Structure formats: C-alpha cells, structure tokens
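What you see is a predicted model; the values in this text were computed from it and never measured. Chain letters run A, B, ... following the sequence lines, proteins first, then strands; residues in each count from 1.
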Amino acid sequence: MKLRGAALRSWLQAPALELAPQLLGAVLTTHRPDGRVTLRITEVEAYEGALDPGSHAYRGPTLRNGVMFGEPGHLYVYRHLGLHHCANLVCGPVGRASAVLLRAGQVIGGADIARTRRTGAGVCRTDPDLARGPARLTVALALAAADDGVDVCGPRGSVTLAVSLGSAANEVSSGPRVGVSGAGGDADAFPWRFWSSGEPTVSAYRRAP
DNA sequence: GGTACGATTGTCT
DNA sequence: GACAATCGTACCT
C-alpha cells in the first residue's frame with residue numbers, strides 16, 4: 001500500500017515517535033532545474049516538540065521553528081552553524097510540533113546529479129556517502145532555507161514523498177540520537193534514532209559534546 | 001544592542 | 001581525536 005498526497009498527510013497526523021521507524025524506506029524526490037534526485041530514507045530521528053528537551057520546539061513557537069507547529073506533511077528546513085542545512089518532516093496534529101529529522105538516505109535516482117552538487121565539498125564522493133548525514137542529505141536533494149515549509153504531499157510540488165507501508169525496511173535498529181545536548185543531554189533517555197540495519201548509508205554515531 | 005551557541009562536516013595532527 | 005568554519009536565532013542587558 002502506497003501513501004501519497006492527502007492520504008499521506010492524514011497518515012502523518014500520528015506522533016513522530018510512532019512514524020519515524022515506518023518512514024525508513026520511504027522515497028523522497030526533489031525536482032530542480034538541474035534535474036531530479038530520488039532517495040530512499042535509511043536513517044531518521046524523532047523529535048517530540050514541547051515534550052522533548054532536544055527539540056527546537058521545546059521552548060515554544062518562534063520565527064525559525066514556526067513550520068513545525070503547523071500542518072503535517074511540510075518540511076522544516078533550518079541552517080546549522082551557518083554552513084549546513086538540515087531537513088525535518090513535520091508530523092503529528094497541528095500545534096504539536098512533532099517532527100522527524102531526515103538523517104540519511106540512499107540515492108536511487110539521479111545519483112550523477114547529486115554527485116555534481118557535491119563537487120568541491122570534501123573527499124567522500126562514493127555513492128553511499130552522497131546522503132550519509134543530515135547535511136549531506138540536504139545537499140544531495142538541493143534542499144535549502146527556501147524550502148522551509150514546503151509541502152511534500154502536494155500533487156505537483158517541487159518536493160514529493162511516497163511511503164510504502166509494510167515494505168519499508170527489513171530490519172529496524174534504534175539508539176540514542178546524535179549530537180543532542182542541553183537539557184536533553186542525556187541522549188540515552190531518548191533512544192529515538194532509527195535506521196535500517198546493515199545499511200552502508202547510515203551515518204556514524206557521535207555522542208553530544 | 002550585544003553576545004553566546006548550535007539536531008555538522010571536513011581537514012589536520 | 002580535535003578543532004575551525006560561520007551566521008541566524010534566542011536570550012540577556
């Protein structure tokens with residue numbers, strides 16, 4: 001059973017923690033002037049809004065995180081350290097600010113285009129590395145600040161998501177989230193990172209400083 | 001109006 | 001394994 005459009009948005013009303021493992025294997029496509037890139041999601045993290053000390057939404061709505069408090073099915077894209085971008089899929093009911101961070105994926109379409117987008121950046125240009133890590137994923141898909149709030153459930157949007165229920169991932173592993181510090185510094189208390197077991201595209205674990 | 005800091009990555013030792 | 005890059009946001013005065 002494949003979910004897209006309105007059916008997908010309805011499905012995304014569930015909390016992030018529940019949806020995160022089911023999003024493994026989902027297919028995300030971006031349409032850009034330089035071409036179309038498609039990837040299969042292999043690693044995610046759940047963030048539970050106001051209930052979650054590690055979430056950007058923990059302290060309530062602000063100018064930056066406003067999208068997370070809105071309708072599910074939109075992307076929350078933010079800039080990190082002035083250098084990189086990270087992308088989240090907003091889920092849960094409106095106002096809950098529940099979201100799933102897209103940490104890694106396997107490029108299954110337009111790999112040559114994704115590779116081109118990485119020219120000049122780093123030494124890792126083998127295919128599994130194209131979208132290994134949240135910032136690399138946004139580079140491969142050409143997601144940037146302008147995509148903050150974009151709707152992935154639209155019929156003809158520039159970014160589209162398709163979830164195949166049941167055929168997601170063969171085996172799902174879970175563990176503490178990467179780099180989450182602050183009040184939620186105890187990462188082990190929130191083992192809300194999920195990845196497809198055995199995937200070479202999953203990012204390396206780094207504990208928060 | 002000023003300052004501290006971050007859901008990361010690439011490079012250097 | 002350690003650290004610099006780099007800028008918008010959040011929080012304080």
Side-chain angles (χ1 to χ4, degrees), chain A residues 15-17 19-21 23-24 28 39 41-70 74-92 96-105 107 114-150 173-195 200-209:
Chain A
L17 194 51
L19 293 181
L23 280 169
L24 297 173
L28 191 60
L39 68 75
I41 297 170
T42 57
E43 184 186 3
V44 297
E45 283 178 7
Y47 286 86
E48 272 298 348
L51 308 172
D52 180 2
S55 170
H56 286 173
Y58 184 54
R59 295 171 194 280
T62 64
L63 201 59
R64 173 175 65 157
N65 65 22
V67 171
M68 271 199 290
F69 288 84
H74 292 249
L75 287 187
Y76 163 51
V77 181
Y78 67 95
R79 191 203 282 271
H80 184 241
L81 286 176
L83 296 171
H84 317 289
H85 294 280
C86 296
N88 297 247
L89 178 63
V90 177
C91 49
R96 172 145 176 167
S98 192
V100 174
L101 170 67
L102 309 178
R103 283 200 59 88
V107 177
R115 220 174 289 121
T116 300
R117 289 170 178 163
R118 282 187 61 80
T119 53
V123 295
C124 304
R125 282 170 220 159
T126 57
D127 281 5
D129 284 340
L130 280 176
R132 186 169 73 162
R136 291 169 176 173
L137 182 145
T138 60
V139 170
L141 290 175
L143 289 172
D147 298 296
D148 186 39
V150 75
S173 304
S174 66
R177 293 177 297 183
V178 177
V180 177
S181 57
D186 185 7
D188 299 315
F190 298 90
W192 292 353
R193 184 167 70 107
F194 304 90
W195 65 94
T201 54
V202 172
S203 61
Y205 177 65
R206 281 173 154 170
R207 182 162 286 270

Starting at atom [atom1] of [X], determine the distance to atom [atom2] of [N], rounded to an integer number of angstrom.
| X | N | atom1 | atom2 | value |
| --- | --- | --- | --- | --- |
| A:L63 | C:dA10 | CG | P | 7 Å |
| A:R59 | C:dT9 | CZ | P | 17 Å |
| A:D148 | C:dT9 | CG | P | 10 Å |
| A:L101 | B:dA7 | CG | P | 10 Å |
| A:H85 | C:dT6 | NE2 | P | 14 Å |
| A:L81 | B:dG10 | CG | P | 13 Å |
| A:R136 | B:dG10 | CZ | C1' | 8 Å |
| A:L75 | B:dA7 | CG | P | 18 Å |

Taking only the side-chain heavy atoms of [X] (C-beta and beyond), determine which of [options] contains the nearest atom.
| X | options | result |
| --- | --- | --- |
| A:R118 | B:dG10, C:dT9, B:dA7 | B:dG10 |
| A:N88 | B:dT8, C:dT9, B:dA7 | B:dA7 |
| A:H56 | C:dT6, B:dT8, B:dA7 | B:dA7 |

Would you find a donor on one side and an acceptor on the other, under 3.5 Å apart, between the side chain of [X] and the backbone of [Y]?
| X | Y | answer |
| --- | --- | --- |
| A:D52 | A:G54 | yes |
| A:R193 | A:E45 | no |
| A:N88 | A:A99 | no |
| A:N65 | A:G60 | yes |

Partner nucleotide of C:dT6 by Watson-Crick or wobble geometry (both distances under 3.5 Å):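 Answer to the pairing question: none, since C:dT6 forms no Watson-Crick or G-U pair.
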
Distance between C1' atoms of B:dC5 and C:dC3 (Å, rounded): 16 Å

Under-3.5 Å donor-acceptor pair between A:H80 side chain and B:dA7 base: no

Side chain to side chain, A:Y78 and A:C86, heavy atoms closer than 4.5 Å: yes

